[in-house]
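To start, the structure under review is shown below, and the notes come after it.
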Protein chains: 2
Amino acid sequence: MSDFKNLDPLLHSQLRLAIMSLLLGLQSAEFVFIKEKTGATAGNLSVQIDKLSKADYIKVEKAFKGKKPVTTCSITTTGVEAFENYVNALKNYIG
Amino acid sequence: MSDFKNLDPLLHSQLRLAIMSLLLGLQSAEFVFIKEKTGATAGNLSVQIDKLSKADYIKVEKAFKGKKPVTTCSITTTGVEAFENYVNALKNYIG
DNA sequence: TTAACTAGGTTTATAATATAAACTACTTTA
DNA sequence: TAAAGTAGTTTATATTATAAACCTAGTTAA
């Protein structure tokens, strides 16, 4: 792409972008909460969280709240930077 | 998606978004020109132009310039509206 | 006390998408 | 007239997104 910067394919995905957007505002959120806010299915969410986590865009912590498992996600500085770069690249496209 | 509006999948594609962005600024452009500006391969561009055309987001006209075939594209009002809606929806995500 | 149900996920199979390689048809150049 | 170039299209493949199916633990109802 000569005139248009590449859009980070990890962020150029509706659900992953929603997850990142949410985490950027909250700094930390639980799986179930993200699921409700994004309207995603658990399976899809699980897969996308995994991808973001493997890229070190988010940090994932698994613990127990009482007897129930809880997965907590938070954005990393790498993730914040990637998000900012993505938004800047997008401006090439949407003016 | 409850908190996040759906992003028109036809526009949420790097190349198609680049094509639309280009046409929005120019009102009309030839295949070869779009190819250069976007850095896309001819095959990929042909497919994506076809999709945008079938959705009536762009209009495609085929003619001859001397002995060479020329494909000219321009954005439609439907396309302009779709683009605007896409940008507005995106704002949910990128603030 | 075991069968059915719920919560909180993960894994896997499938559908959709993007992309490039291969091809067509015609033209120009050597 | 053969080789290379132009302007694309078609098709095969790789990637991605998504939901269905599954798993594990705990909980209630019979």
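Below, all heavy atoms of this structure are taken into account, side chains as well, without hydrogens, waters or symmetry copies. Fair warning: this is a prediction, and the values are worked out from it, not measured in the lab.
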Filtered N/O pairs between nucleotides 2-8 of chain D and protein, under 3.5 Å:
| from | atom 1 | to | atom 2 | distance (Å) |
| --- | --- | --- | --- | --- |
| dA7(D) | O3' | Pro69(B) | O | 3.1 |
| dG8(D) | OP1 | Thr71(B) | N | 2.7 |
| dG8(D) | OP1 | Thr71(B) | OG1 | 2.4 |

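- Contacts classified as salt bridge (charged side-chain N to carboxylate O under 4.0 Å, His left out) and involving residues 86-95 of chain A (residues at least two apart or in different chains) are not found.
- Within the 4.5 Å cutoff, side-chain heavy atoms of Ile75(B) are placed close to those of Gln27(B).
- Note on Lys67(A): every side-chain N or O is 4.0 Å or more away from OP1 and OP2 of dG8(C).
- Computed from coordinates, the Lys51(B) NZ to dT9(D) P distance equals 14 Å when rounded to whole Å.
- The NE2-C1' distance, from His12(A) to dA18(C), rounds to 11 Å in whole Å.
- As a whole-Å value, the separation of Leu17(A) CG from dA17(D) P is 12 Å.
- Straight-line distance from the NZ atom of Lys65(B) to the P atom of dT27(C): 16 Å, rounded to whole Å.
- Ring planes of His12(B) and His12(A): parallel class, angle under 30° (limits at 30 and 60°).
- Under a hydrophobic-cluster definition in which Ile, Leu, Val, Met, Phe, Trp and Tyr are linked whenever side-chain heavy atoms come within less than 4.5 Å, directly or via other members, Ile58(B) and Leu26(B) are assigned to the same cluster.
- Between the CG atom of Leu11(B) and the P atom of dT17(C) there is a distance of 13 Å, given to the nearest Å.
- Comparing atom distances between the Val47(A) side chain and each of dT12(C), dT19(C), dA20(C) picks out dT12(C) as nearest.
- Distances shorter than 4.0 Å separate none of the side-chain N or O atoms of Arg16(A) from OP1 or OP2 on dT16(D).
- The interatomic distance linking Leu15(A) (CG) with dA19(D) (C1') rounds to 12 Å, in whole Å.
- Exactly one residue among Lys35(B), Lys65(B), Lys68(B) makes a salt bridge (charged side-chain N to carboxylate O under 4.0 Å, His left out) with Glu30(B). That residue is Lys65(B).
- Rounded to a whole Å, the CG atom of Asn44(A) is 15 Å from the P atom of dT11(C).
- In this structure, CG of Leu45(A) is placed 15 Å from C1' of dT11(C), rounded to the nearest angstrom.
- In terms of heavy atoms, Leu22(B) sits closest to Ile34(B) at CD2-CA, 3.9 Å.
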